[in-house]
Amino acid sequence: MPELLATLRAARHIVVMTGAGASAESGIPTFRDALTGLWANFDAASLATPDAFARDPELVWGWYEWRRMMALRAQPNAGHRAIAEMAAKAGRLTLITQNVDDLHERAGCASALHLHGSLHHPRCSACATPHALPPDIPDEPPGGRRLAPPACRACGGPVRPGVVWFGEYLPHAALAAAQAAAADCDVFFSVGTSALVYPAAELPHVARRAGAVVVQVNPGPTDLDAAAHHNLRGRAGEVLPRLVREAWSGADAP
Ligand code: BV8
Ligand code: ZN
């Protein structure tokens with residue numbers, strides 16, 4: 001641990017990649033948690049596909065609206081804030097997230113590479129025109145309800161969530177920037193992700209091959225355990241604030 005603290009203090013470029021576990025302490029269920037309501041009989045990956053939307057747009061749109069409302073109601077947690085603080089203390093920090101909420105931004109991270117898109121930027125499924133959704137939170141969250149997707153203003157086509165589904169390409173610029181950052185960093189954090197979904201799951205291995213120290217923060221084991229130099233078992237909202245405090249407390253002192 002003292003060795004990791006020294007590595008952090010000396011790091012030229014830190015990369016932090018987060019997954020659903022980083023938002024768990026904000027009350028947002030992780031991707032592989034059991035779903036509730038209408039969706040209890042589905043696994044999330046079966047709803048997050050172009051085929052599912054084509055087959056049953058109301059089921060899929062209702063699920064994403066439920067998740068968007070949950071994200072709007074949620075607040076950033078101590079883990080999000082610790083990452084923002086680390087960004088302020090470190091020489092350079094690149095934040096990569098698989099999450100489709102905006103809790104990193106709301107915790108003060110100016111820029112995050114959103115590999116899997118965003119709940120907050122839907123677009124037309126036919127012509128890709130962006131579609132503005134009301135930012136206000138309704139009194140009645142659309143929990144457990146099917147909802148018809150809105151019609152595109154430009155062509156009338158069904159609007160789809162602005163996320164990346166299984167079988168779809170990741171946004172090219174964000175993925176290229178994430179790969180370049182992984183290949184260039186001294187320390188790579190994998191926080192709150194089961195490290196199962198590619199190509200994001202490849203990034204810690206890219207970093208390791210390039211000589212970076214790989215640190216995993218997760219309460220449980222994952223497929224990344226064997227490749228990580230440090231497995232910090234615990235919740236992001238507990239482990240990260242402690243790490244930032246211990247690495248940088250007094251580091252600014254003369
Ligand atoms: C693509 C957005 C090219 C939507 C998501 C076989 C081998 C290799 C690859 C593949 C393969 N078969 C198919 C593929 C490709 C596929 C893939 O990887 N499949 C896997 C499952 C095998 N990938 C793709 O399709 C990607 N695109 O490859 O493009 C291409 C194109 C065309 C044809 C061929 C190739 C696109 C993938 C994007 C999928 N979209 N999300 C939405 O959110 O609805 S993925 C989904 O998983 C999540 O949203 C998240 O983004 C991602 C990862 O999940 P995690 O974040 O890790 O969440 P999870 O619940 O799993 O884990 C939570 C973790 O947190 C746990 O470990 C838990 O212990 C921990 N935790 C809990 N509490 C805490 C905590 N940790 C810290 N603190 C806590 N408090
Ligand atoms: Zn359209």
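Counting starts at 1 for both ligands and their atoms, in listed order.
The proximity of T193 to ligand 1, defined as any non-hydrogen pair under 4.0 Å, involves the side chain as well as the backbone. Under 4.0 angstrom from ligand 1, the non-hydrogen atoms of L196 all belong to its backbone.
Remark: the backbone N or O of A22 is paired with a side-chain donor or acceptor of N77 at under 3.5 angstrom. Under a 3.5 Å cut-off, the side chain of R106 and the backbone N or O of A74 do form a donor-acceptor pair. In this structure a side-chain-to-backbone donor-acceptor pair under 3.5 Å is present from H229 to V214. Under the 3.5 Å distance criterion, the side-chain polar atoms of R81 are left unmatched by any main-chain donor or acceptor of A107. Distance alone, capped at 3.5 Å, is enough to place a donor-acceptor pair between the D186 side chain and the H13 backbone. In this structure, S23 contributes its side chain and S26 its backbone to no donor-acceptor pair below 3.5 Å. When atom types are taken as modelled, the side chain of E25 and the backbone of G237 share a donor-acceptor pair closer than 3.5 angstrom.
Scanning all protein heavy atoms for the shortest distance to atom 78 (N) of ligand 1 gives A236 N, 2.9 Å. For atom 28 (O) of ligand 1, the nearest non-hydrogen atom of the protein is Y198 O, 3.9 Å. From the protein, the heavy atom lying nearest to atom 80 (N) of ligand 1 is E25 OE2, 2.8 Å. Ranking protein heavy atoms by distance to atom 69 (O) of ligand 1, first place goes to N218 OD1, 2.7 Å. Protein heavy atom in closest approach to atom 27 (N) of ligand 1: E168 O, 2.8 Å. Nearest protein heavy-atom neighbour of atom 25 (O) of ligand 1: G167 N, 2.7 Å. In this structure, the protein non-hydrogen atom closest to atom 2 (C) of ligand 1 is V164 O, 3.3 Å. Atom 73 (N) of ligand 1 has A24 CB, 3.8 Å as its closest protein atom, hydrogens excluded (heavy atom only).
Scanning all heavy atoms of the two residues, the minimum distance from A178 to L115 falls at CB-CD2, 4.0 Å.
Geometrically, ligand 1 and A22 share no nitrogen or oxygen pair separated by less than 3.5 Å. Residue F166 places no N or O, backbone or side chain, under 3.5 Å from any N or O of ligand 1. Where the criterion is an N or O separation shorter than 3.5 Å, residue side chain and backbone included, A20 meets it with respect to ligand 1. Taking only nitrogen or oxygen atoms, main chain and side chain alike, V217 does not reach within less than 3.5 Å of ligand 1. On a distance-only criterion, T222 and ligand 1 share no N/O pair closer than 3.5 Å. When only interatomic distances are considered, the shortest N/O to N/O separation between R235 and ligand 1 does not fall below 3.5 Å. Geometrically, ligand 1 and R32 share a nitrogen or oxygen pair separated by less than 3.5 Å.
Within the listing of ligand 1, atoms 36 (C) sit less than 4.0 angstrom from a heavy atom of W165. The ligand atoms of ligand 1 that sit less than 4.0 angstrom from a heavy atom of V197 are 18 (O), 37 (C), 47 (O), 52 (C), 53 (C). Of all atoms in ligand 1, numbered sequentially from 1 with element shown, those under 4.0 Å from a heavy atom of R67 are 42 (C), 43 (O), 44 (O). Of all the atoms in ligand 1, the ones that sit under 4.0 Å from a non-hydrogen atom of L170 are 26 (C), 27 (N), 36 (C). For ligand 1, the atoms lying closer than 4.0 Å to a non-hydrogen atom of G19 are 56 (O). Atoms of ligand 1 found under 4.0 Å from any heavy atom of V163 (numbered from 1 in listed order, with element): 4 (C).
Distances from atom 3 (C) of ligand 1 to the heavy atoms of Y169, F31, Y64 show the closest one on Y169.
For the side-chain hydrogen bond (donor to acceptor under 3.5 Å, both in side chains) with T18, the lone residue among H104, H80, Q98 that qualifies is H104.
At a threshold of 4.5 Å between non-hydrogen side-chain atoms, the residues L243 and L4 count as touching. At a threshold of 4.5 Å between non-hydrogen side-chain atoms, the residues R12 and D184 count as touching.
The presence of a protein heavy atom under 4.0 Å from atom 31 (C) of ligand 1 is confirmed. Atom 63 (C) of ligand 1 is approached by the protein to below 4.0 angstrom, counting heavy atoms only. For atom 10 (C) of ligand 1, no protein heavy-atom neighbour is present inside the 4.0 Å cut-off. Within a 4.0 Å radius of atom 35 (C) of ligand 1, the protein contributes no non-hydrogen atoms. Note that atom 75 (C) of ligand 1 has protein non-hydrogen atoms nearby, at separations under 4.0 angstrom.
Around atom CZ of R209, more than 12 heavy atoms belonging to other residues, nucleotides or ligands sit under 6.0 Å away.
Shown are the protein N/O/S atoms under 2.8 Å from the Zn ion (ligand 2), given by residue and atom: C124 SG, C127 SG, C152 SG, C155 SG.
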side-chain contact (heavy atoms from CB on, under 4.5 Å) evaluation trace for T36 with W66 = CA-CA 10 Å; T36 60; W66 172 68; 3.2 Å; yes
query = Would D101 and R67 satisfy side-chain contact (heavy atoms from CB on, under 4.5 Å), going step by step from the backbone distance to the final call?
reply = CA-CA 9 Å; D101 61 51; R67 291 176 57 199; over 6 Å; no
Audit row: W63, L35, side-chain contact (heavy atoms from CB on, under 4.5 Å) steps and yes/no = CA-CA 10 Å; W63 183 51; L35 299 177; 3.9 Å; yes
request  = Dump the intermediate steps for side-chain contact (heavy atoms from CB on, under 4.5 Å) on I83 and C109, then the final yes or no.
outcome  = CA-CA 8 Å; I83 293 168; C109 274; 4.1 Å; yes
Donor-acceptor contacts under 3.5 Å from residues 157-175 side chains, at least two apart:
from : atom 1 : to   : atom 2 : distance (Å)
R160 : NH1    : E168 : OE2    : 2.8
R160 : NH2    : V163 : O      : 2.7
R160 : NH2    : E168 : OE1    : 3.2
W165 : NE1    : Y64  : OH     : 2.9
E168 : OE1    : W165 : N      : 2.8

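Expressed to the nearest 0.5 Å, how far CG of L8 lies from CD of E246 amounts to 10.5 Å. Atom CZ of R32 and atom CG of D43 lie 8.5 Å apart (nearest 0.5 Å).
Between D225 and R233, at least one side-chain nitrogen of the basic residue sits less than 4.0 Å from a carboxylate oxygen of the acidic one, meeting the salt-bridge criterion.
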